[in-house]
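This one's a predicted model, so the numbers in the text were calculated from it and none came from an experiment. Below, read A as the first sequence line, B as the second, and so on, with proteins coming before strands; counting in each chain starts at 1.
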Amino acid sequence: MNYYNVLFNIALSKSFTYKSTQNIEVGSRVLVDFNNRKKVGIVLEKTTQINIDDIKEIKEIISILDNKPVITEELIKTINFASYYYLSPRGLILRNALPSKAFSKEPINFEKNSIKKQINHQKFFNLNDEQKKIYESIDLKIFNVNLIFGVTGSGKTEIFLHLIRDVIEKGKNALVLVPEIVLTNQYKRVFEEKFLDTVGVYHSQLTPKQKFLEWLMFKKQEKRVLLGTRSAAFVDLSDTGLIVIDEENDDSYKQENTPSYNAKDLLIYRAKQLNIPVILSSATPTVETYYKASITKKFKLFKLNNRINNCELPVIEFSKPENTLLSIKSQEYIKKSIEEKQTCAILVNRRGFAHFLICGDCGYIFRCPNCNVSLVYHKKTKDLKCHFCESSFEIPKKCPNCSSYNIKDVGTGTQKMEEFLRENFGNINIARLDRDTASSKKNAYNIVSNLLDGKIDIIVGTSMISKGYDIEKINLVIISNIESIFALPDFRADEKCVSLIIQTAGRSGRKQKGNVIIESKLPSRLENFIINHDYEGFLKEEINLRKSLNYPPFSHLIRILSQNTNEKVAKQNIQLCFEILKNSGFSFLGPTKCPIDKIKNKYRYHIIIKTNDIFKTLHFITAELLDKNLNFDVDPISFF
DNA sequence: AGCACGCCGACT
DNA sequence: GTCGGCGTGCTC
């Protein structure tokens, strides 16, 4: 008789021991009786150590579902590591790692047919000298991490397209991670010119069946390039020869809620196991990545200083509006852009119409009853929306506090900007790109296609517009109310602000020299770096700041969150955590109320640990603080 | 995560 | 007297 440890896709780290007369390969899907119902599990390992005292009964595996294992030993190792490092149940990591259909009982045929290969060599541009040098320097044979740090429009994509071609020629696959779902579709257009029918996409907006098919086709090498968002970090990489993480600075590679994980860090971990190269690409790399590339030399650093066609970087100016939504200067520039049939991009860092509604008489602010945040006024849908719990409320006619009818809206959202532009510039084509308009697949696709075809005069949007759309006709970029980035306490606020501005500014002037107007007042040290396009200078100074404050990359943070509908319980749980940590010798902040102290009717308290020995700290937490009604966020990027 | 079990409050 | 709220505990 053989004994196997089986893992289920439930919120448990524990595996369960089953027996079988058959010899089962590690990673196979099996059907077993679990708690009196049939369930699909994954064989993690063969075992001989069984403690009969702990287990009432060892049940027999009912059947082996497929002809081959569903996951490799490397992926099992990755799941174990992710669970340990991110303090999340192994079963939940497993659930994230496979398409949901893999947990249904139907057998899967993993038998490989012939490997597809389609390359249209005519569609590759010739690399310039700067690009060529990087292309030739990147070693595809072994594990190494390469940062391509290139100004926007310098042709980073073209370099990895050439490398992907080489990888495919050698019979291997390539995985390309992008930050947003809409980008997978834009990239698909570009990639399919070169790799025709062998380009797959993988993200959470696919239907369960689509997701399963894309996952399977990549595994079987019927698709050779996979464009995915962070959930693609767990796809089968047994035949993969290159991993690209585009816009590596993007926050969306980190999943905040359980199971929390950072797709970028996990893929570097996997690449090391698999001995394959990783490319990180960005115009504004994170302080952490740049530090590893320039100081500790864990990563290789490649810089692209020139834009393709030798087009100059745009002129950046600061201009604060007086009483209007946009300064007179911006309005004049917009008029000129429309006359010249160019596209103008306007970044507004908030969706909806206004930031909030306020009573003009008593100052009452309309807040979400479930979350302690102000409600955002949406004129299009005629309601007040909470951006944290997504609930919607009717617009009150009078103030609930003083019954006044004098209700005003404060702040500018994408909708208000759109309305302002329609009123001031008449009959022009304006498109809005934010989470509200991009939520339906067709809509987002139409906006992006129209943009690429140059059919739009003005595009108004949130940071979504700054993520990698190559639109030749954009010559003017206006960045409005960026100060809100500083509203929440975050040691990365400066970095987020500068990188968002540089990224957005980079949308301008791909063909001829463009203009950028920033309608905010920023600390002068930041303004200087921005005007001079000196992101590297900013990074160097920021590294010194982080060092003096012992912040990442010089330390690791772990955020411990206590959430409960009962405020007393939330407080008790974090207090208990405090008592345990008090004598641990670790340095930490708190416990305090979170900056947003109620979300979805749950009261929130947190403690933030700062540690120079992450593994020692993880070990302590695993031993002392797990299963105490706490949430953990290792290497957090947001603190609200 | 499910799902059963169990112990109190508001109805026909 | 019963239905059903969701707190606790277990799954090889």
Q: Mind calculating the distance between CE (A/M1) and P (C/dC12) to the nearest angstrom?
A: 16 Å
Q) Under the 3.5 angstrom rule, does the side chain of A/T286 hit a backbone N or O of A/N249 as a donor-acceptor pair? A) no
Q) Could you give the CG-to-C1' distance, from A/L12 to C/dC12, as a whole number of Å? A) 12 Å
Q | Side chains of A/N9 and A/K39, donor plus acceptor under 3.5 Å | A | yes
Q.
Are A/K101 and A/E106 packed together at the side-chain level, in the sense that at least one heavy-atom pair is separated by less than 4.5 angstrom?
A. yes
Q. Could you give the CG-to-P distance, from A/N564 to C/dC6, as a whole number of Å?
A. 14 Å
Q) Taking side chain as C-beta onward, heavy atoms only, is A/Y4 less than 4.5 Å from A/Q22? A) no
Q) A/K14 has an atom NZ; how far is it from atom P of C/dC12, in whole Å? A) 9 Å
(Q) Among residues 85-104 of chain A, which ones have heavy-atom contacts with DNA chain C below 4.0 Å? (A) none
Q.
Determine whether A/F34 and A/F8 satisfy the following criterion, ring-ring contact (aromatic ring centres under 6.0 Å, His included), listing intermediate values before the conclusion.
A. CA-CA 9 Å; A/F34 182 67; A/F8 300 103; 4.3 Å; yes
Q) What residues, two or more places apart in sequence or in another chain, satisfy side chain to side chain contact (heavy atoms under 4.5 Å, CB included) together with A/D597? A) A/N372, A/K593
Q: Send over the distance from A/D627 CG to C/dT8 P, rounded to a whole Å.
A: 14 Å
Q | Interatomic distance, A/K59 NZ vs C/dT11 P [rounded to whole Å] | A | 9 Å
Q: Identify, with sequence neighbours excluded, every residue that meets ring-ring contact (aromatic ring centres under 6.0 Å, His included) alongside A/F554.
A: A/Y291
Q: Please work out if A/N9 contacts a base, only the sugar-phosphate, or nothing of the nucleic acid, heavy-atom cut-off 4.0 Å.
A: nothing
Q. To the nearest angstrom, how far is A/E57 atom CD from C/dC10 atom P?
A. 17 Å
Q.
With heavy atoms of chain A within less than 4.0 Å as the criterion, where does contact along DNA chain B begin and end?
A. B/dA1 to B/dC3
Q | A/Y364: partners by ring-ring contact (aromatic ring centres under 6.0 Å, His included), with sequence neighbours left out | A | A/F366
Q: Specify the separation, in whole Å, of atom CZ of A/F8 and atom C1' of C/dC12.
A: 8 Å
Q. Is any side-chain heavy atom of A/K571 less than 4.5 Å from a side-chain heavy atom of A/Y605?
A. yes
Q. Can you list, by residue number, the residues of residues 17-29 of chain A that have a non-hydrogen atom closer than 4.0 angstrom to DNA chain C?
A. A/T17, A/Y18
